[in-house]
Asks: 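Below you'll find the structure I mean.
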Protein chains: 2
Amino acid sequence: MRESQVAEARPYHHGDLSRALIDAARRLLEAEGPSALSLRAVAREAGVSPAAPYHHFKDKGELLEAVAGEGWDMLDAAIARARAQAPSIHQALNEIGVAYVCFARDNPALYRVMYDTARDREALPGDMATINKDSAYCKVRDTLIEAGGADPRDPIDIELATTAAWCSAHGLAEMSGFKQFAHLKDALGGEEAFFRAIFQHMGLGLPRTPN
Amino acid sequence: MRESQVAEARPYHHGDLSRALIDAARRLLEAEGPSALSLRAVAREAGVSPAAPYHHFKDKGELLEAVAGEGWDMLDAAIARARAQAPSIHQALNEIGVAYVCFARDNPALYRVMYDTARDREALPGDMATINKDSAYCKVRDTLIEAGGADPRDPIDIELATTAAWCSAHGLAEMSGFKQFAHLKDALGGEEAFFRAIFQHMGLGLPRTPN
DNA sequence: TCTCAATCTTAGCGCCGTAAAGATGTCTTG
DNA sequence: CAAGACATCTTTACGGCGCTAAGATTGAGA
């Protein structure tokens, strides 16, 4: 080591700062929470000046969008895994739901950023169907049809059923970290059991009876 | 008018600044959105100096808690109205759900503040049952029992069913403003029809069939 | 009336997002 | 290989933020 400098004096032009910034943001996000994620802190974490990110992202929002994008990819992968491992089609829906909520529980800050950035934008889960055939939304939709929870010949019904399932899971995901459920989780023997019980009550994908 | 001053030079000690600050916050919140709500802006809106609020609230969070508290009161009232007006017990659940989501749609920024402050705290909807017998949570729970969606002799089942319903509604409420549902809302002839259709698919409070 | 405590203001700290302008290194073209 | 064009990064600076400390003002109780 030619210098006692620990960070060994980053070279000329850094190489791939976009990548480094996104990684730094994700690190900070899960370590300190969403409120602590400032653009300056990200730059600090990546070892560059506060203005450097602006050569790779238009503003803070655009960096967060990039972070959120990776989040959606991770979520897609988790849903795919859950669906592949489910023993039956009827269990698949519950497994997908549990996987969804577990993702939110394990990446709470990332999950919030994903929806915060999706809120304002034009594209959102419902629209992902048109963008990405491997999206979690499509997997939920197809599983729902296969399980008999939606009429495969009625596009509106399909979208409604998928949206209903998605919203239910999102609601639980948003509240999964709330401390008041602690006694329910204890009573049921763990968080996943709690999630499963809630999904049971939601009756996702079950044939609907008239009201 | 003794002065061309429009705001006519606020008197000695203002009178009830807490109240004025909460009102100013709510005004700003719905006018400019949650991100625009700074403590300084609230003070400006109320016509006092940036430091004045600190004599009434420990910090920004405490002011937001006060705002959120009024939000929960408003929500309780809306739920009570919906339940009272429902013609049948089975329709009551759907009406409550629709009222809940309409509240979130009509007060989006307030709704976010309500959950943002609830997230960190110890108390939350599930816990409100112990605090306020008139809370929306209790109304949902009682209606659920009456409709046969929960076993009245199983406290755990009651809480699970209520939580499931609550989470479903919250999920839809959170996403109710997403622009991608526009075509569904159009196809169904309005926002409320869309909410109703989603709740229909969720099957809230219906007797559950085994999985 | 005098004092005191509550309330409000001014001033200032360090943080933030962002813009403008200068420095530094790479790439292209002759 | 030289030289200018270009991308990338840094420095500096602006206004706004949450919050604190110290000083001014005022209403209320002794």
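Per chain, numbering begins at 1; letters A, B, ... match sequence-line order. Below, each value reflects all heavy atoms present in this structure, side chains not excepted, and no hydrogens, waters or symmetry copies. As the structure is a prediction and not an experimental result, all values here were calculated from the model.
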Asks: Taking only side-chain nitrogens and oxygens of A/His56, does any of them come within less than 4.0 Å of OP1 or OP2 of D/dC9?
Replies: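 It does, given that an N or O in the side chain of A/His56 lies less than 4.0 Å from OP1 or OP2 of D/dC9.
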Asks: I'd like a table of donor-acceptor pairs (distance under 3.5 Å, sequence neighbours excluded) in which one partner is a side-chain atom from residues 25-34 of chain B, with atom names and distances.
Replies:
residue, atom, partner, partner atom, Å
B/Arg26, NH1, B/Glu70, OE1, 2.8
B/Arg27, NH1, B/Glu45, OE2, 2.5
B/Glu30, OE2, B/Leu110, N, 3.0

Asks: What residues, two or more places apart in sequence or in another chain, satisfy salt bridge (Lys or Arg N to Asp or Glu O under 4.0 Å) together with A/Asp23?
Replies: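 Testing A/Asp23 for salt bridge (Lys or Arg N to Asp or Glu O under 4.0 Å), a comparison that skips the adjacent residues, returns A/Arg19.
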Asks: Nearest 0.5 angstrom please: A/Leu64 CG to A/Leu37 CG, how far?
Replies: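 The CG atom of A/Leu64 sits 6.0 Å away from the CG atom of A/Leu37.
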Asks: When you check the gap from the basic side-chain N to the acidic O, do A/Arg112 and A/Glu174 get nearer than 4.0 Å?
Replies: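 Here A/Arg112 pairs with A/Glu174 in a salt bridge, since their nearest N and O are under 4.0 Å apart.
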Asks: Whole Å only: how far is the CG atom of A/Leu64 from the C1' atom of C/dT18?
Replies: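 It works out to 15 Å between those atoms.
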Asks: Apply the test ring-ring contact (aromatic ring centres under 6.0 Å, His included) to residues A/Trp72 and A/Tyr111: give CA-CA distance (whole Å), side-chain angles for both, the deciding distance (0.1 Å), then the verdict.
Replies: CA-CA 9 Å; A/Trp72 289 111; A/Tyr111 186 80; 7.5 Å; no
Asks: Go through the structure and list residues passing side-chain hydrogen bond (donor to acceptor under 3.5 Å, both in side chains) with B/His55, not counting sequence neighbours.
Replies: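 For B/His55, no residue satisfies side-chain hydrogen bond (donor to acceptor under 3.5 Å, both in side chains) once neighbours in sequence are set aside.
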Asks: Which residues in residues 29-45 of chain B have a heavy atom closer than 4.0 Å to any atom of DNA chain D?
Replies: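 Nucleic-acid contacts, sorted: B/Ser38, B/Leu39, B/Arg40, B/Arg44.
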Asks: Please enumerate all protein N or O atoms sitting under 3.5 Å from an N or O of nucleotides 19-23 of chain C, with distances to 0.1 Å.
Replies:
none

Asks: Any ion pair linking A/Glu95 and A/Arg196 (charged N to carboxylate O, less than 4.0 Å)?
Replies: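 Salt bridge present between A/Arg196 and A/Glu95.
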Asks: Sequence neighbours left out, what passes ring-ring contact (aromatic ring centres under 6.0 Å, His included) with B/Phe194? Give chain and number order.
Replies: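 B/Phe194 satisfies ring-ring contact (aromatic ring centres under 6.0 Å, His included) with B/Phe181 only.
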Asks: For the pair made of CG in A/Leu17 and C1' in D/dT10, what is the distance, rounded to whole Å?
Replies: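 Interatomic distance, CG of A/Leu17 to C1' of D/dT10: 13 Å.
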Asks: Find the distance B/Leu21:CG to C/dT7:P and express it as a whole number of Å.
Replies: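 Spelled out: CG on B/Leu21 to P on C/dT7 is 12 Å.
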Asks: What's the CZ-P distance between B/Phe57 and C/dA6, to the nearest Å?
Replies: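 Atom CZ in B/Phe57 sits about 17 Å away from atom P in C/dA6.
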